[in-house]
Amino acid sequence: MNLADMASSVDSFFDSQLSVWRDARDRYEALEHVMQREIFFGDFPVRLQCNPSRIVSTGAKVDAASISKRPCFLCRCNRPAEQMIDSAMVEGYDFLVNPFPIFKHHFTISCVDHRHQDEVDLTTIALFAESNPDMVAFYNGSASGASAPDHLHFQAGNIDFLPLCRYVADHTGECDERFSDIKVYRYPVLPMKFIRFSLSTTDEQSLREVLTRIDALSTDRSMRNLLMFSIEPGSVEVLLFPRRNHRPSCYYAQDESQRMISPGAVDMAGVLILPRIDDYDTITADEISKVYAEVGVDDCELKSMIDRLVSN
Ligand SMILES: [Zn+2]
């Protein structure tokens, strides 16, 4: 199947699903009227999205005791009767429309087996991203924004929605390293801290080897977010956001400084999901910088990770 056919088959799957699933359709329609505003950090816009239906994810109890008490909503046997499956898109995964959207087209790609979120194979996500250049694929480590940490999954949405995808396409980054076929960049000017790897996908075995090395950089695989997307055919951009905290201190505050914000990959890529209108109306640039600083790592840590990658 060529790329144009693949895109139209994704569109028709999406349309078919919404035609038979009213709750999901209502939420996608509501998304068209959701409030959004931007706060600039230099020339980079962080977009705030006031999205009440995402409270199910932002406020999700993901501790082991709570998880063990609820049925897994990504296992086939527990999914809503209306939810359709495309099992041909990604081998070993069910391709599903996400019924709690952030993107105009928002998909969840759920492993057919109930396996832990941190047992991810990064090559699967990279090859999906390379084959679907109109989408960005993203993954949340089990303690970094995944609302189903017990069931392996990643997600995908329209690539033009995330400010960071466009930004890295237009900006090389201030510092770069190059070794083997990998280009490595950092962006110290941005409030969110990540490493960008530009990888060739033309040789799947080499791609797998490189991704295995990138995978090994995270000593705790639960503490990371990943974004993958393709700017040019035959290549994939991998953005790794190492994490040091699941949620920022403001999430747990007991006074008026409390914010309902629980960052995952989408938030790290410049779209902050705020289910409560008070937070949306009043959050400041300083508070946003603090959120990124508390949940992410600093530039020194990124540099030492790059050094480890280069020296291994
Ligand atoms: Zn499951």
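Keep in mind that this is a model prediction, so the values were computed, not measured. Any value given below was found using the heavy atoms of this structure, including those in side chains, with hydrogens, waters and symmetry copies removed.
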inquiry  = If I compare all heavy atoms of M89 with all of N132, which pair ends up nearest, and what's the gap?
reply    = CE-OD1, 3.8 Å
query = Just by modelled atom types, is the P188 backbone N or O under 3.5 Å from a matching donor or acceptor in the K193 side chain?
reply = yes
task = Answer whether the closest heavy-atom distance between the side chains of V97 and F107 falls below 4.5 Å.
result = yes
ask   = Around E204, counting heavy atoms of other residues, nucleotides and ligands shown, do more than 12 lie under 6.0 Å from its CD?
value = no
inquiry  = Does either side chain, that of E209 or that of T212, offer a donor lying less than 3.5 Å from an acceptor on the other one?
reply    = no
request  = Salt-bridge test for K303 and D299: reply yes if a basic N is under 4.0 Å from a carboxylate O, no otherwise.
outcome  = no
inquiry  = Any non-hydrogen side-chain atom of V271 less than 4.5 Å from a side-chain atom of D267?
reply    = no
request  = May I ask you to check whether D118 and S222 show a side-chain donor-acceptor distance below 3.5 Å?
outcome  = no
ask   = ring pair (Phe, Tyr, Trp, His ring centres under 6.0 Å) with F138: which of F103, F128, F229, F161?
value = F103
key: Partners meeting ring pair (Phe, Tyr, Trp, His ring centres under 6.0 Å) with Y280 (sequence neighbours left out)   = none
key: From I273 atom CD1 to M260 atom CE, the distance as rounded to the nearest 0.5 Å   = 14.0 Å
note = Between L162 and A269, the two heavy atoms sitting closest are CD1-CB, 3.8 Å
key: Main-chain N/O of P101 paired with K104 side-chain donor or acceptor, under 3.5 Å   = no
query = Hey, does P242 have a side-chain heavy atom less than 4.5 Å from the side chain of E301?
reply = no
Nearest non-hydrogen partners of C50 and V34, listed with the distance = O-CG2, 2.6 Å
query = Among side-chain atoms of D11 and S9, is any donor-acceptor pair under 3.5 angstrom?
reply = no
task = May I ask you to test the V46-F41 pair for a side-chain heavy-atom distance under 4.5 Å?
result = yes
request  = Would you tell me whether Q49 and N51 have side-chain atoms, one donor and one acceptor, within less than 3.5 Å of each other?
outcome  = yes
task = Compare every heavy atom of I125 with every heavy atom of A137, then report the nearest pair and how far apart it is.
result = CB-CG2, 3.7 Å
Set of residues satisfying ring pair (Phe, Tyr, Trp, His ring centres under 6.0 Å) with respect to H116, sequence neighbours excluded = none
message = Could you work out, with ring pair (Phe, Tyr, Trp, His ring centres under 6.0 Å) as the rule, every residue matching H105, not counting sequence neighbours?
response = F14
query = Under 4.5 Å between any side-chain heavy atoms of H246 and V295, yes or no?
reply = no
query = Hey, quick one: are F40 and L48 part of the same hydrophobic cluster, counting side-chain heavy atoms closer than 4.5 Å, chains of contacts allowed?
reply = no
request  = Could you list the residues that satisfy side-chain hydrogen bond (donor to acceptor under 3.5 Å, both in side chains) with S304, not counting sequence neighbours?
outcome  = none
query = Any ion pair linking D215 and R221 (charged N to carboxylate O, less than 4.0 Å)?
reply = yes
task = Determine whether L217 and L226 fall in the same hydrophobic cluster, where Ile, Leu, Val, Met, Phe, Trp and Tyr are linked whenever their side-chain heavy atoms lie under 4.5 Å apart.
result = yes
ask   = Just by distance, do the side chain of D279 and the backbone of L274 share a donor-acceptor pair under 3.5 Å?
value = no
message = Going by the rule ring pair (Phe, Tyr, Trp, His ring centres under 6.0 Å), which residues pair with F194 if we only count those two or more places apart in sequence or in a different chain?
response = Y187, F241
key: Check: R247/S262 side-chain N/O donor and acceptor closer than 3.5 Å   = yes
query = Would a 4.5 Å heavy-atom cut-off, applied to side chains only, mark D86 and D94 as touching?
reply = no
key: Nonpolar side-chain network containing L96, other nodes, edges under 4.5 Å   = I85
task = Only counting residues at least two apart or in another chain, list the ones meeting side-chain hydrogen bond (donor to acceptor under 3.5 Å, both in side chains) with S12.
result = none
In a table with atom names and distances, give each donor-acceptor pair under 3.5 Å that connects a side chain of residues 145-157 to protein atoms at least two apart or in another chain.
residue : atom : partner : partner atom : Å
D150    : OD1  : R70     : NH2          : 3.1
D150    : OD2  : R70     : NH1          : 3.1
H151    : ND1  : H114    : ND1          : 3.3
H151    : NE2  : S110    : OG           : 3.2
H151    : NE2  : C111    : O            : 2.8
H151    : NE2  : D113    : O            : 3.4
H153    : ND1  : Q117    : OE1          : 3.2
H153    : ND1  : H151    : O            : 2.8
Q155    : OE1  : N98     : ND2          : 3.4
Q155    : OE1  : H106    : NE2          : 2.8

task = Find out whether R224 and L240 are in side-chain contact, i.e. whether some heavy atom of one side chain is under 4.5 Å from a heavy atom of the other.
result = yes
inquiry  = To the nearest 0.5 Å, what is the distance between CZ on R79 and OG1 on T108?
reply    = 9.5 Å
remark   = Residues at least two apart in sequence or cross-chain that pass salt bridge (charged side-chain N to carboxylate O under 4.0 Å, His left out) with R27, listed by chain then number, are none
inquiry  = If you compare all heavy atoms of V236 against all heavy atoms of A129, which two are closest, and at what distance to 0.1 Å?
reply    = CG2-CB, 4.0 Å
Carboxylate-amine/guanidinium proximity below 4.0 Å for D121 and R208 = yes
query = Heavy-atom distance under 4.5 Å between the side chains of R243 and M268, does that happen here?
reply = yes
message = Apply the hydrophobic cluster definition, ILVMFWY joined by side-chain contacts under 4.5 Å directly or through others, and give me every member besides L74.
response = F73
key: Counterpart residues, side-chain hydrogen bond (donor to acceptor under 3.5 Å, both in side chains), relative to D286 (two or more places apart)   = none
message = N245: which residues meet the side-chain hydrogen bond (donor to acceptor under 3.5 Å, both in side chains) condition with it, sequence neighbours left out?
response = none
ask   = Does one hydrophobic cluster hold both L302 and M223, with members joined at side-chain heavy-atom distances below 4.5 Å?
value = no
message = What's the separation between atom CZ in F197 and atom CE in M228, rounded to the nearest 0.5 Å?
response = 10.0 Å
request  = Give a yes-or-no answer on whether the side chains of E237 and S198 include a donor-acceptor pair shorter than 3.5 Å.
outcome  = yes
inquiry  = Please give me the minimum heavy-atom distance between V210 and L199, naming the atom from each residue.
reply    = CG1-CD2, 3.6 Å
ask   = Do L272 and L31 belong together in a cluster built from hydrophobic side chains that touch within less than 4.5 Å?
value = no
inquiry  = Return the CZ to CD distance between R25 and E82, rounded to the nearest 0.5 Å.
reply    = 10.5 Å
query = Roughly how far, to the nearest 0.5 Å, is the CD atom of E130 from the CD1 atom of I231?
reply = 12.5 Å
task = Count the heavy atoms of every other residue, nucleotide or ligand shown that sit under 6.0 Å from CZ of R166, and state whether that count exceeds 12.
result = no
message = Assigning hydrophobic clusters by single linkage (Ile, Leu, Val, Met, Phe, Trp, Tyr; side-chain heavy-atom cutoff under 4.5 Å), is F95 placed with Y139?
response = yes
ask   = Measuring from M84:CE to S16:OG, what's the distance to the nearest 0.5 Å?
value = 4.5 Å
